Number of protein chains: 2
Amino acid sequence: MTLAEENYIKAIYHLGFNGTETVNTNAIAEAMNTKASSVTDMIKKLSEKNFVDYKKYQGVTLTDDGRFIAVNMIRKHRLWEVFLVEKLNFNWDEVHEVAEHLEHIKSKKLINQLDKFLGYPTHDPHGEPIPDASGQIKKMDKILLSEALENSSCICVGVQDSSVEFLQYLDKNNIALGATLKVLQIEPFDNSVTIKINEKELVVSNVIAKNLYVKVQ
Amino acid sequence: MTLAEENYIKAIYHLGFNGTETVNTNAIAEAMNTKASSVTDMIKKLSEKNFVDYKKYQGVTLTDDGRFIAVNMIRKHRLWEVFLVEKLNFNWDEVHEVAEHLEHIKSKKLINQLDKFLGYPTHDPHGEPIPDASGQIKKMDKILLSEALENSSCICVGVQDSSVEFLQYLDKNNIALGATLKVLQIEPFDNSVTIKINEKELVVSNVIAKNLYVKVQ
DNA sequence: TTTAAAATTTAGACAAATCTAAAAATATGT
DNA sequence: ACATATTTTTAGATTTGTCTAAATTTTAAA
């Protein structure tokens with residue numbers, strides 16, 4: 001299992017809605033910043049090794065083996081992110097890049113001891129669930145802020161977009177995971193949302209509201 | 001800077017007595033489990049990039065740049081080893097392999113925060129000194145147990161051979177870094193050493209004594 | 001339903017890191 | 001000092017992951 005193979009498998013997992021749907025060549029090429037022809041080559045290799053099911057011109061889906069590898073990498077990625085934030089004082093907008101590298105370290109003992117050391121966290125710093133050692137993912141019944149009803153009370157539980165820019169926007173406006181917010185008003189014209197958070201009123205655009213997950217209380 | 005390049009630089013550093021002496025092709029080939037011809041190829045590349053000084057048939061020495069890279073990798077390697085032992089309950093004979101991978105992760109913030117998190121340790125679990133952020137290495141005036149005089153009192157401070165086998169021998173005999181020992185007798189015939197450690201007498205062969213560093217008190 | 005556009009694959013090439021086998025340079029022993 | 005052994009380098013090939021350009025297949029539109 002090479003680094004490149006692992007990265008392709010991970011991309012296919014994410015693009016295929018957690019390994020459930022077929023992914024096409026161009027989508028992979030764009031996600032991995034490479035050319036479609038390179039993707040075809042790699043897909044053939046992954047198919048030979050039985051990590052993906054592939055029929056020419058029809059896109060790929062992960063096999064059980066492929067999905068297992070993907071989930072394991074995601075487990076590692078998210079545990080390392082927790083480590084960076086909780087133990088090494090990284091901000092949530094700085095962890096992704098480093099975790100991209102750490103996720104490739106292969107040592108069962110390392111990752112299971114890290115899990116224990118961190119107190120078996122269930123979610124990463126962006127609210128994404130952490131698969132357990134057997135690959136099981138518990139998912140939360142979160143909704144997007146844009147889907148919340150007027151007057152509902154919610155807790156911020158995650159982000160859809162975890163880009164540096166969006167995370168820094170949230171920091172700037174004091175929106176952190178775990179914070180309680182109330183939906184005061186939804187403007188019908190542009191779907192912007194007025195919320196009350198940290199005892200203050202704040203108007204966020206629909207773009208923002210579509211990228212923030214909340215749990216209704 | 002590729003993974004292979006980094007590993008060659010590290011090997012040259014270690015083989016050349018911490019980057020001070022010239023190293024020959026065959027020595028590198030053996031250390032890296034590769035062929036002399038591959039080494040020549042890589043040396044040319046490292047020479048082009050100015051990490052080593054190289055004249056055909058005359059072996060290589062690290063440049064200042066090369067040495068800086070080597071020391072930095074060693075800093076990372078040893079800090080990760082401390083992390084694994086102190087925080088993740090690894091035994092000192094299990095850390096090397098994992099640290100070989102972790103040492104390649106490139107993030108200044110990661111390594112400096114790790115250093116801080118660990119309380120700025122000065123030595124790794126095998127007693128090797130950890131270079132500081134500027135690359136400075138403080139060295140200890142340790143000697144081999146085989147060089148200690150009869151009746152001297154010492155503290156175990158490090159190992160020369162850090163193979164799994166040797167470390168497990170030490171574990172089995174309850175010899176840990178930090179332990180106090182007294183040299184009771186040196187047998188002139190085979191240079192075996194009788195020591196008193198943990199209130200017990202123990203005879204160790206000259207082979208053992210040549211692989212254990214002590215500090216005379 | 002035929003044709004144009006888009007997506008995908010193939011063919012052929014390249015860089016990195018390695019190898020084997022052969023050639024060249026250096027070192028060694030008497 | 002010189003023949004031989006050892007070490008090192010070169011030449012040519014291979015594998016992995018990538019690329020460009022051309023060919024093929026699928027999709028979409030008129």
Side-chain angles (χ1 to χ4, degrees), chain A residues 1-17 21-62 65-66 69-70 73 100-101 103-106, chain B residues 1-17 21-63 65-66 69-70 73 100-101 103-104 106:
Chain A
M1 180 94 302
T2 69
L3 220 139
E5 287 172 351
E6 288 192 346
N7 284 331
Y8 273 95
I9 288 175
K10 195 178 47 152
I12 295 167
Y13 180 88
H14 285 306
L15 291 168
F17 298 91
E21 288 179 27
T22 299
V23 182
N24 32 266
T25 306
N26 269 359
I28 299 171
E30 193 185 359
M32 305 224 25
N33 240 299
T34 186
K35 297 295 146 82
S37 55
S38 309
V39 174
T40 303
D41 289 345
M42 180 55 89
I43 280 173
K44 282 180 188 164
K45 208 167 91 176
L46 293 175
S47 177
E48 290 249 310
K49 294 189 175 186
N50 257 296
F51 296 133
V52 298
D53 286 322
Y54 169 59
K55 273 197 200 106
K56 269 195 202 177
Y57 297 99
Q58 308 306 140
V60 281
T61 47
L62 287 178
D65 281 6
I69 287 167
M73 290 184 64
E100 285 286 293
H101 295 105
E103 72 186 1
H104 295 287
I105 307 281
K106 282 166 206 59
Chain B
M1 179 95 302
T2 68
L3 221 139
E5 286 173 351
E6 287 193 345
N7 284 331
Y8 273 95
I9 288 176
K10 194 178 50 154
I12 295 167
Y13 180 88
H14 285 307
L15 291 168
F17 298 92
E21 288 179 27
T22 298
V23 183
N24 30 266
T25 307
N26 268 359
I28 300 171
E30 193 184 359
M32 306 226 22
N33 242 299
T34 185
K35 296 296 147 80
S37 54
S38 308
V39 174
T40 302
D41 288 345
M42 179 55 89
I43 280 173
K44 282 182 189 163
K45 208 167 91 175
L46 293 175
S47 177
E48 290 248 310
K49 294 190 176 186
N50 259 294
F51 296 133
V52 298
D53 286 322
Y54 169 59
K55 271 195 201 108
K56 269 194 198 175
Y57 296 100
Q58 306 306 140
V60 281
T61 47
L62 287 178
T63 60
D65 281 6
I69 287 168
M73 290 183 65
E100 285 286 294
H101 298 289
E103 72 187 359
H104 294 287
K106 281 166 206 60

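The sequence lines fix the lettering, A, B, ..., with proteins before strands; numbering per chain opens at 1. Predicted model, so just to flag it, every value in this text is computed and none were measured.
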Starting from C1' on dT18(C), measure out to CG on Asn33(B) and report it in whole angstrom.
-> 13 Å

Flag the pair Met1(A) / Ile69(A) as yes when at least one side-chain heavy-atom distance between them is below 4.5 Å, and no otherwise.
-> yes

When rounded to whole Å, the CD1 to P distance for the pair Ile28(A) and dA7(C) reads 14 Å

Can Glu5(A) and Lys10(A) be counted as an ion pair, charged N to O under 4.0 angstrom?
-> no

Drop me the distance from Ile9(A)'s CD1 to Met42(A)'s CE, to the nearest 0.5 angstrom.
-> 9.0 Å

Euclidean distance, atom CG of residue Asn24(A) to atom P of dA6(C) [Å, nearest integer] = 15 Å

Do any side-chain nitrogens or oxygens of Tyr8(B) fall under 4.0 Å of OP1 or OP2 in dT18(C)?
-> yes

Mind checking the OG1-NE2 spacing from Thr2(B) to His104(B)? Nearest 0.5 Å is all I need.
-> 9.5 Å

Rounded to the nearest Å, what distance is computed from the CE atom of residue Met1(A) to the P atom of nucleotide dT16(D)?
-> 12 Å

Base-contact (B) and sugar-phosphate-only (S) positions in nucleotides 9-15 of chain D, heavy-atom cut-off under 4.0 Å, - elsewhere = BB-----

Give every donor-acceptor pair under 3.5 Å between a side-chain atom in residues 25-36 of chain B and any protein atom, sequence neighbours left out.
none

In whole Å, what is the span from the NZ atom of Lys35(A) to the C1' atom of dA21(D)?
-> 12 Å

Look at Asn26(A) and dT8(C) and indicate whether a side-chain polar atom (N or O) is within less than 4.0 Å of OP1 or OP2.
-> yes

What one should report as the nearest heavy-atom pair of Gly59(B) and Tyr54(B) is O-CD1, 3.8 Å

